[in-house]
Amino acid sequence: MKRTRSHPVRRRGISRIDQPSTRTYGWFVRTGFYKRRDGTYVPRHRKFFGDVTHGGKRRALRAARAYLAKVERTRHKKKPRGLRRAA
């Protein structure tokens with residue numbers, strides 16, 4: 001007998017896409033939202049991880065989590081300040 005979860009797991013920044021009409025199945029990662037001039041918010045980083053491309057749902061989710069972790073690490077790094085020139 002297969003176990004099912006009573007409530008879905010919360011994965012911040014990772015969404016599941018199952019769209020039979022376009023045969024699209026996989027995980028979509030969005031992170032680093034910023035505000036545009038027109039007032040809307042859009043993600044700075046976005047990437048799709050297809051089930052077929054990565055060899056199944058679990059492997060695609062694993063790749064999506066790894067990508068999200070990598071982006072989060074690089075996003076929070078401080079950039080070294082260059083030399084300032086006198087004006």
Side-chain angles (χ1 to χ4, degrees):
M1 186 171 174
K2 190 173 180 180
R3 285 184 167 188
T4 59
R5 292 186 184 268
S6 59
H7 56 84
V9 176
R10 178 79 172 132
R11 293 178 188 90
R12 192 160 185 81
I14 302 177
S15 305
R16 177 77 187 156
I17 307 239
D18 288 322
Q19 196 168 14
S21 62
T22 58
R23 296 193 326 229
T24 304
Y25 302 96
W27 299 94
F28 195 61
V29 177
R30 291 180 296 226
T31 187
F33 287 83
Y34 67 97
K35 190 173 183 178
R36 286 183 176 174
R37 287 184 185 173
D38 63 357
T40 60
Y41 287 89
V42 292
R44 190 173 308 276
H45 303 282
R46 56 199 162 274
K47 191 170 181 179
F48 181 76
F49 296 87
D51 294 347
V52 174
T53 308
H54 290 87
K57 272 187 189 181
R58 288 183 181 162
R59 287 183 181 176
L61 178 58
R62 193 179 310 143
R65 283 181 178 157
Y67 173 77
L68 184 62
K70 177 183 156 196
V71 169
E72 290 294 322
R73 273 195 312 267
T74 59
R75 229 179 82 209
H76 294 295
K77 279 187 179 177
K78 297 250 180 186
K79 293 181 182 174
R81 294 179 77 178
L83 295 176
R84 288 188 180 180
R85 286 192 272 169

Under 3.5 Å, side chain of Trp27 to main-chain N/O of Lys57, donor-acceptor pair present? yes

By side-chain hydrogen bond (donor to acceptor under 3.5 Å, both in side chains), which residues pair with Thr53, not counting sequence neighbours? none

Report the distance from atom CZ of Arg73 to atom CG of Leu68, rounding to the nearest 0.5 Å. 10.0 Å

What's the shortest heavy-atom distance between Gly50 and Ala60, and which atoms? O-CB, 3.8 Å

Show every side chain to side chain donor-acceptor pair (under 3.5 Å) that has at least one partner inside residues 40-50, sequence neighbours left out. Asp38-Thr40

Does atom CZ (Arg16) have a neighbourhood of more than 12 heavy atoms from anything else shown, all under 6.0 Å? yes

side-chain contact (heavy atoms from CB on, under 4.5 Å) for Ile17 and Tyr25? Distances and angles first, verdict last. CA-CA 6 Å; Ile17 307 239; Tyr25 302 96; over 6 Å; no

Going only through I, L, V, M, F, W and Y residues with side-chain contacts under 4.5 Å, is there a path from Leu61 to Tyr67? yes

Search all heavy atoms of Gly26 against all heavy atoms of Asp51 and return the closest pair with its distance. CA-OD1, 3.5 Å

Shared hydrophobic cluster, Val71 / Phe49 (ILVMFWY, side-chain heavy atoms < 4.5 Å): yes

Give, for atom CD1 of Ile14 and atom CZ of Arg65, the distance between the pair rounded to the nearest 0.5 Å. 6.5 Å

Taking the side chain as every heavy atom from C-beta outward, state whether Val42 and Tyr34 have any pair of such atoms under 4.5 Å apart. yes

